[in-house]
Number of protein chains: 2
Amino acid sequence: MLYQTIKDALPTLAETSADKKTTGKLPSERQLQQQFNSTRVTVREALMRLEAEGVIYRQNRIGWFLCPKRLLWDPIQKVNFYQLAKNQGLHARTGLLACKKTQANSDICRAFALDGQSEFYEIYRIRYLDERPVMVEKIYCPAGQFPGLEDKALDGSITTIFQDDYRVKVSHEQSDIIVTALPDDKAEQLNLNGGAACLKIIRKRFNTNQELVDYNIEYWLHSAIEMRVQSN
Amino acid sequence: MLYQTIKDALPTLAETSADKKTTGKLPSERQLQQQFNSTRVTVREALMRLEAEGVIYRQNRIGWFLCPKRLLWDPIQKVNFYQLAKNQGLHARTGLLACKKTQANSDICRAFALDGQSEFYEIYRIRYLDERPVMVEKIYCPAGQFPGLEDKALDGSITTIFQDDYRVKVSHEQSDIIVTALPDDKAEQLNLNGGAACLKIIRKRFNTNQELVDYNIEYWLHSAIEMRVQSN
DNA sequence: CAGTGGTCTAGACCACGAT
DNA sequence: TCGTGGTCTAGACCACTGG
C-alpha cells in the first residue's frame, strides 16, 4: 500500500519541498505520482489517509501540509481561548464573519424554551492558531436579552461582553462532541475541503438560574485539537 | 457532486437492498455505479465521505451499512460499560483477544515510573454493541501487582476484578482523546478497514495514593460514539 | 464459483491559485 | 497563463465472502 511508503517518506518530502524554511508544504500530487511511480488517484488516496490520521492537512486548491502540534483542550475547564493557546505557545486570533438577527432552527428554540418565531443573534466566527484556520462557530443567543450586541467587539471574548456589558454570568456548560465530516459551507470558510474529518461540538452555557445563555456550534479541524479530561 | 445525490437517496437505498428486514446494508458498489451512472472510484469517494460523516460504515469485504445510533458517553463519569449501554437500549459484550505478560513501550513505562525491563500484563479486548464491533483496547498493568491476572474472567469488568480480587480501587482517571485513523491491525480485529476515522483514547486510572493502576489505549469507531461533558 | 470489495492504472476536463 | 488541486471516466487484477 502506497500509503505506508509515503508516510515513511514524509519528513524528507516536506523538507525537499521547503523553499527556504517554509510552511511544511508537500510536493504537488503530480510530482508525488512521478516520484513514487504511481497515479494521481492512488497518491490522493494515500494522502487522504494521512489526513485522516492527522499527520497532514490540506488547504483548498493550495496543497498538502504537515500538521503542527495540536491544541490541548479540557472540555471541563471554562478557559479563555487566547489564554489556552498562549500557554501552549500558540498565537490565537478570532475573526468575525457575520452577525445578524435571525430565527433559529427548532433544536435551538427548544433548548431556549422559546417558540419558532423568536429572534436570535447569530454570530458567525472563525478561529486561527498561528494564522492557520482551525475552527468555525455559530453562537446563538436571544436577541431580546442582549440589545445592541451587534455593535460590540465580537472578535474578542463573548463571555467578557456578556459579563461586562449585560451583567450575564455563565456558571456552567454542557458540551456534546461527535466526530463527523466538515460540511462544505464550513469548509469554505476555513479554506479547507468539505468532507475532512472534524470535531463538532455543541455547547450550551447556563447562568446560575439554570437558564440557557447561549448555544454554540463549533467545527474543529480534527488534527488541530486534542482533548484531555480528568475525572474527579 | 455525487456524494450529495447518494446521501439523499440513502434511506431508499438501504430499504431496497434489504433482503427481508436485514441490517441496513447498501447495494453493492457496482450496483450503485450503474444506478447513478457513474464509476466505481467516484461511488467509493462518495461512500467514504458519508462514512466520514458517520452516516454509514463498512465492514471489510462485506459492504456498506447504515449506522445505528451512537453510544452516548460522559468521559467524566466512571460508569460501567454494560450499564451505560443498557441504559441506552443497547446490548454490550466484550471479547478477550489476548492476555500476555510482556514489556511495554517507553511511554507506558514512564507513566508507571518503571524502567523498560518491567513486566506488564497486556490485555487485548474487543467490545461490541448489539454484536457490532465498535472498539478495541489494550490494557497495561504491572504484572507484579496483579499475580494470576491471566486466569481471571477478563471478558468482564476489569475494575471489578481489581477491586474484588486485588483490593485495588480506582479513584480517578485521566483521558486523552484525539481523532485519528484506525491502524490496520486494529481495523482487522474490528472487521473494518484501516484508515477509517476513529477516536483514540488513552486513559490512565489512579488509586487514592495517586499511583497509576492501569494504562488503557482504546480505539473507537468514530460513528459509534458521542461524548457529553458537563462543566461544574 | 460468481460476485464483492481493495487496490491500482491511465487518462480527462474544469476552476482556481500563483505569477 | 501555467500548474495546481477537484472531480470524474473506464477500465484492470486480486483476495476474499457467500452461496
Side-chain angles (χ1 to χ4, degrees), chain A residues 1-7 13 17-20 22-52 56-65 133 181-196, chain B residues 1-7 13 17-20 22-52 56-65 133 181-196:
Chain A
M1 286 197 304
L2 182 60
Y3 136 78
Q4 262 302 338
T5 317
I6 294 191
K7 182 173 182 182
L13 290 175
S17 102
D19 5 337
K20 307 287 156 63
T22 188
T23 43
K25 188 173 191 300
L26 298 188
S28 79
E29 294 174 0
R30 285 171 175 86
Q31 272 176 271
L32 292 172
Q33 171 193 163
Q34 285 193 17
Q35 181 168 343
F36 292 99
N37 237 307
S38 182
T39 60
R40 255 188 84 207
V41 176
T42 309
V43 166
R44 301 189 101 237
E45 267 170 17
L47 292 172
M48 284 161 71
R49 166 127 187 204
L50 292 170
E51 181 189 34
I56 62 177
Y57 69 100
R58 56 174 158 167
Q59 299 214 51
N60 202 346
R61 293 182 176 282
I62 309 275
W64 300 83
F65 302 83
L182 207 51
D184 288 319
D185 58 324
K186 308 299 186 304
E188 198 176 342
Q189 297 295 345
L190 292 168
N191 267 307
L192 297 173
N193 303 281
Chain B
M1 284 196 304
L2 182 60
Y3 137 78
Q4 262 302 339
T5 317
I6 294 191
K7 181 173 182 182
L13 291 175
S17 102
D19 4 336
K20 305 286 158 61
T22 188
T23 42
K25 187 174 192 301
L26 298 188
S28 79
E29 294 175 359
R30 286 172 175 84
Q31 271 176 272
L32 292 171
Q33 171 192 164
Q34 284 194 17
Q35 181 168 343
F36 292 99
N37 239 308
S38 182
T39 60
R40 257 189 81 206
V41 176
T42 309
V43 166
R44 300 190 101 239
E45 268 171 16
L47 292 172
M48 283 160 70
R49 167 128 187 205
L50 292 170
E51 181 189 34
I56 63 177
Y57 69 100
R58 56 173 161 169
Q59 299 215 48
N60 201 346
R61 294 183 174 284
I62 309 275
W64 301 83
F65 302 83
L182 206 51
D184 287 319
D185 57 323
K186 308 299 186 302
E188 198 175 343
Q189 298 295 344
L190 292 168
N191 267 306
L192 297 172
N193 303 283

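Chain letters run A, B, ... following the sequence lines, proteins first and then strands; every chain starts at 1.
- B:Arg49 contributes atom CZ, which lies 9.0 Å from atom CG of A:Asn193 (distance to the nearest 0.5 angstrom).
- Residue contacts for A:Arg44: at a heavy-atom cut-off of 4.0 Å it reaches a base atom on one of the strands shown.
- Between B:Ser38 and A:Glu29, the one whose closest nucleotide on DNA chain D sits nearer the 5' end is A:Glu29.
- Counting non-hydrogen atoms under 4.0 angstrom, B:Asn191 reaches nothing in the nucleic acid.
- Distance check: B:Tyr57 OH to B:Leu190 CG gives 11.5 Å after rounding to the nearest 0.5 Å.
- In this structure, A:Arg40 reaches the bases: a heavy-atom distance under 4.0 Å links it to at least one base atom across the strands shown.
- Looking at which nucleotide of DNA chain D each of A:Arg58 and B:Arg30 is closest to, the 5′-most match is held by A:Arg58.
- In this structure, A:Gln59 places its CD atom 14 Å from C1' of C:dA18, rounding to the nearest Å.
- A 4.0 Å heavy-atom criterion places the boundary nucleotides of DNA chain D facing chain A at D:dT4 to D:dC8, written 5' to 3'.
- As rounded to whole Å, 14 Å separates atom P of C:dC16 from atom CG of A:Asn193.
- Taken from CG in B:Leu50 to CG in B:Leu26, the straight-line distance is 8.5 Å, to the nearest 0.5 Å.
- Taken to the nearest 0.5 Å, the CD1 atom of B:Ile56 stands 10.5 Å off from the CZ atom of B:Phe65.
- Taking for each of A:Thr39 and A:Arg61 the nucleotide of DNA chain C with the nearest heavy atom, the 5'-most of the two is the partner of A:Thr39.
- In this structure, B:Ile62 places its CD1 atom 13 Å from P of C:dT4, rounding to the nearest Å.
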For residues 40-47 of chain B, tabulate all N or O donor-acceptor pairs below 3.5 Å that involve a side-chain atom, not counting sequence neighbours.
from	atom 1	to	atom 2	distance (Å)
B:Arg40	NE	B:Glu29	OE1	3.2
B:Arg40	NH2	B:Glu29	OE1	3.1
B:Thr42	OG1	B:Thr39	OG1	2.9
B:Arg44	NE	B:Glu29	OE1	3.1
B:Arg44	NE	B:Glu29	OE2	3.3

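- A pairwise comparison of heavy atoms in B:Ala52 and A:Gly195 identifies CB-O, 3.9 Å as the closest pair.
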